[in-house]
Amino acid sequence: MKRLPRIEQYGLIGDMQTSAHVCDDGSIDWLCLPRFDSAAVFARLLGTEKHGTWQIAPAPPVGRSGSGAVAKRRYHGDSLVLESVWHASTGSVRVLDFMPPREGAPQVIRIVEGLAGEVEMVSAMRPKPVYGSVSPWIHEVGGRMVAEAGADALWLDTCVPQVEKDGVIVGAFTVAARQSVAFVLSWCPSHSTAPEVPDPEAALAETLTFWQNWTQECTYDGPYRESVVRSSITLKAMTYGPSGGIVAAPTTSLPEEIGGGRNWDYRFTWLRDASTTLAALLGTGYRQEAQAWRRWLLRAVAGDPENLQIMYGIAGERDLRERVLPWLPGYGGSTPVRVGNGASGQLQLDVFGEVIETLYLAHQSGVAHCADTAVLHQRLIEHLVQRWQQPDEGIWEIRGARRHFVHSKVMAWVAVDRTIRLAEDGVLDIHLAPLVELRETIHREVCAQGFDPVRNTFTQSYGSKELDAAALLIPRVGFLAPDDPRVIGTVDAVRRELSTPHGLVHRYPTVGNQAGVDGLKGDEGTFILCSFWLVDALALTGRLDEANTLFERLLALGNDLGLLAEEYDPVQHRQLGNFPQAFSHMGLIQSARLLHLLSTRSSLPRGPVTALTPGSLSRRPQGTGTDLTSQHA
């Protein structure tokens, strides 16, 4: 059995409808077809080779189990075309892995190019539909290999002769310098006619052109631009093109603790994650994605904001019931493996703030506020007015008792504040006086009940002693000015109680084998997004050098392709959780932009910053809090 790869050994390719995870050993170990949330046809990532994989790599020498070759990887320019260069004893080859932006059948294309000498190669594909649980019928049709199981058919096209042995489709071939051999895997419903025989080289050219054109729209031109562009590409890859929905991550059940049970399915569209992702893309010049997401939002929520869900399927589906796949042993023995997500039925009041904040950002960025959006916005705020005083499950989707989470109340304040601002701009026709009063009421309550004056810090929930890294957002969203002593005290408390010596931040305390505030046993790694929040908080409170140092430390956590998972284990020095994670890449973009703005604004006051947008920086008191829209910046 092959050694278990680390999460960071994987690269991502995709077609804006699904994606594949390619290991640095040449194996595709995760591929769901035809959508992100479809059942996987390769599931080695959560099991073993018998659960499905497709490896193309140099053939092992006689008498050895491995080839001895080492692959070095990169993306081809600013694209999602993955290049892996193998150096064997007899020569060198390059493998290009990509998925063309979809027009017809979804395809995974792998082109092997000879660079020097001659290299013996092997393609070994074990298709196992339905998350590795079904052995397909493998046969030949007109010189093409096809694997069929139930509703799925996988077609393999190549010039290399293929044979099937014990459920594995194998082809051996030799590639010399300046030669190339292509493999194309296409999916279609098993009852449909066969997909057309593809043209791999034409598909490669079209794919590179697509990404070149898309990345040219990026307006960010500051430090760390390469990392910002790579993160933007990764976020685009997690967008479901037909609907505009954005998955939180393209995987399920990659563990937050190796061997633990904190394993969740992230292949859905969270209102929170999608909203903050759109905020990052808007900040780098991408408006089309915001328009598509807004249409998705209108369809998903429909005329029923009273039954607002925190997440939906990528096309707006509401039924996301959670179940366990007992036949999969999980990544590193981390069980259970889950599909679906039971948190979809939770109450999370902060979602109203994130959605309305993004609608506000879209308006600020020049995306016209349409009449249908205005109606939805008004109904959302009316519903929030009725519910903001209720306890909820909060941003971290606890599975314990509901609480009055401070972050939830702060984001309720944001929802009201941004609604007031849009009304003042003439975008919304809404009676302001009650909302202005409500904004003041929420602010007073949070400061009175969510703040610990003894420790000089905001807490996780009313009356609690626990801390929560989400409190780092208080100055960012404008609830309090960055130089407010309560903000500085909160930043210092998070560094003291939730951070490692190197500045990596935990979301909140966990208690090992006993269930804590989240209702779960076990621990987890440091949360990468929370660490970027600390970067922002340090920068905003005048500690720019420390912020830059931490930001560069976080960049170094990415793999050789610049990809970040949800969490990081500072003891084992490895990535954890679903991968890649939209939250992490969104945080990277936002922090890079904020650091750039703060370092280039000679007029930046070191006291309260009350307005920060791409085009302006000024002191402008508004209401009870401040208008630091660095999330917009």
Side-chain angles (χ1 to χ4, degrees), residues 349-350 353 388-396 398 400-414 439-512 514-520 523-524 526-527 529-531 533-543 546-547 550 606-610 623-626 628:
L349 293 172
D350 65 292
W388 76 270
Q389 292 178 297
Q390 297 179 13
D392 70 342
E393 278 89 2
I395 183 176
W396 305 128
I398 66 164
R402 288 181 174 180
R403 296 190 178 194
H404 290 283
F405 286 101
V406 169
H407 177 71
S408 296
K409 308 301 185 185
V410 168
M411 293 309 295
W413 178 92
V414 169
R439 180 172 64 181
E440 300 285 343
T441 299
I442 297 173
H443 197 277
R444 283 195 302 268
E445 179 180 295
V446 171
C447 292
Q449 300 189 46
F451 183 75
D452 181 349
V454 176
R455 293 155 68 208
N456 191 31
T457 181
F458 284 94
T459 58
Q460 184 175 53
S461 60
Y462 289 177
S464 71
K465 294 297 182 182
E466 296 93 351
L467 296 186
D468 193 317
L472 294 170
L473 292 173
I474 285 174
R476 184 184 180 98
V477 301
F479 187 81
L480 288 174
D483 67 343
D484 189 296
R486 293 166 292 183
V487 169
I488 296 172
T490 299
V491 175
D492 291 342
V494 168
R495 295 181 83 182
R496 183 175 60 249
E497 299 184 30
L498 292 181
S499 302
T500 71
H502 293 96
L504 304 183
V505 181
H506 292 274
R507 295 187 292 177
Y508 50 83
T510 53
V511 290
Q514 296 180 357
V517 64
D518 57 14
L520 300 169
D523 293 309
E524 62 181 27
T526 58
F527 206 79
L529 174 61
C530 295
S531 303
W533 287 347
L534 180 57
V535 169
D536 300 344
L538 290 171
L540 292 170
T541 54
R543 291 169 274 190
E546 293 179 65
L550 178 55
R606 288 302 179 185
V609 181
T610 55
T624 308
T626 63
L628 177 66

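Side chains are part of it too, since the values below use all heavy atoms of this structure and drop only hydrogens, waters and symmetry mates.
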So CD of Glu445 and CH2 of Trp388: to nearest 0.5 Å the spacing works out to 4.0 Å

Kindly indicate, with the supporting measurements, whether the criterion side-chain contact (heavy atoms from CB on, under 4.5 Å) is fulfilled by Tyr508 and Leu467.
CA-CA 6 Å; Tyr508 50 83; Leu467 296 186; over 6 Å; no

Hey, is the main chain of Val505 close enough, under 3.5 Å, to the side chain of Ser531 for a donor-acceptor pair?
yes

Would a 4.5 Å heavy-atom cut-off, applied to side chains only, mark Glu466 and Arg403 as touching?
yes

Here the gap from Ile488 atom CD1 to Asp483 atom CG, rounded to the nearest 0.5 Å, amounts to 6.0 Å

Just verifying a value: how many Å separate Ser464 OG and Gln449 CD, rounded to the nearest 0.5 Å?
11.5 Å

Nearest-0.5 Å distance that lies between atom CG in Asp492 and atom CZ in Arg543
5.0 Å

Min side-chain heavy-atom separation His407-Asp468 under 4.5 Å
no

Exercise: identify the closest heavy-atom pair between Trp533 and Ala470:
CZ3-CA, 3.5 Å

Contacts satisfying ring-ring contact (aromatic ring centres under 6.0 Å, His included) that involve residues 486-507 (not counting sequence neighbours) are none

Between Pro482 and Leu540, which heavy-atom pair has the shortest distance, and what is it?
CB-O, 3.2 Å

Residues Val477 and Val410: closest non-hydrogen pair is CG2-CG1, 4.0 Å

Using the side-chain contact (heavy atoms from CB on, under 4.5 Å) rule, take Leu550 and Leu538 through it: C-alpha gap first, then chi angles, then the decisive distance, then the call.
CA-CA 9 Å; Leu550 178 55; Leu538 290 171; 4.3 Å; yes

Which of Trp413, Phe479, Phe451 passes side chain to side chain contact (heavy atoms under 4.5 Å, CB included) with Val446? Answer is Phe479

Closest approach of Arg495 to Leu534 (non-hydrogen atoms, all atoms of both residues):
CG-CD1, 3.8 Å

Evaluate the criterion side-chain contact (heavy atoms from CB on, under 4.5 Å) for residue pair Arg507 and Leu529; output intermediate values, then yes/no.
CA-CA 9 Å; Arg507 295 187 292 177; Leu529 174 61; over 6 Å; no

Is there side-chain contact between Ser408 and Asp350, with at least one heavy-atom pair below 4.5 Å?
yes

Value rounded to 0.5 Å, distance of CZ in Phe458 from CG in Leu473
12.5 Å

Going by salt bridge (charged side-chain N to carboxylate O under 4.0 Å, His left out), name the residues that satisfy it together with Arg455, two or more places apart in sequence or in a different chain.
Asp452, Glu497

Compare every heavy atom of Thr457 with every heavy atom of Ala493, then report the nearest pair and how far apart it is.
CB-OG1, 3.5 Å

Show the nearest heavy-atom pair for residues Gln390 and Leu349, with the distance to one decimal.
O-CD1, 3.4 Å

Under 4.5 Å between any side-chain heavy atoms of Arg486 and Asn456, yes or no?
yes

Can you measure from CZ (Phe405) to CE (Met411) and round to the nearest 0.5 angstrom?
15.5 Å

Give a yes or no answer on whether the side chain of Ser499 reaches the backbone of Arg496 with a donor-acceptor pair at less than 3.5 Å.
no

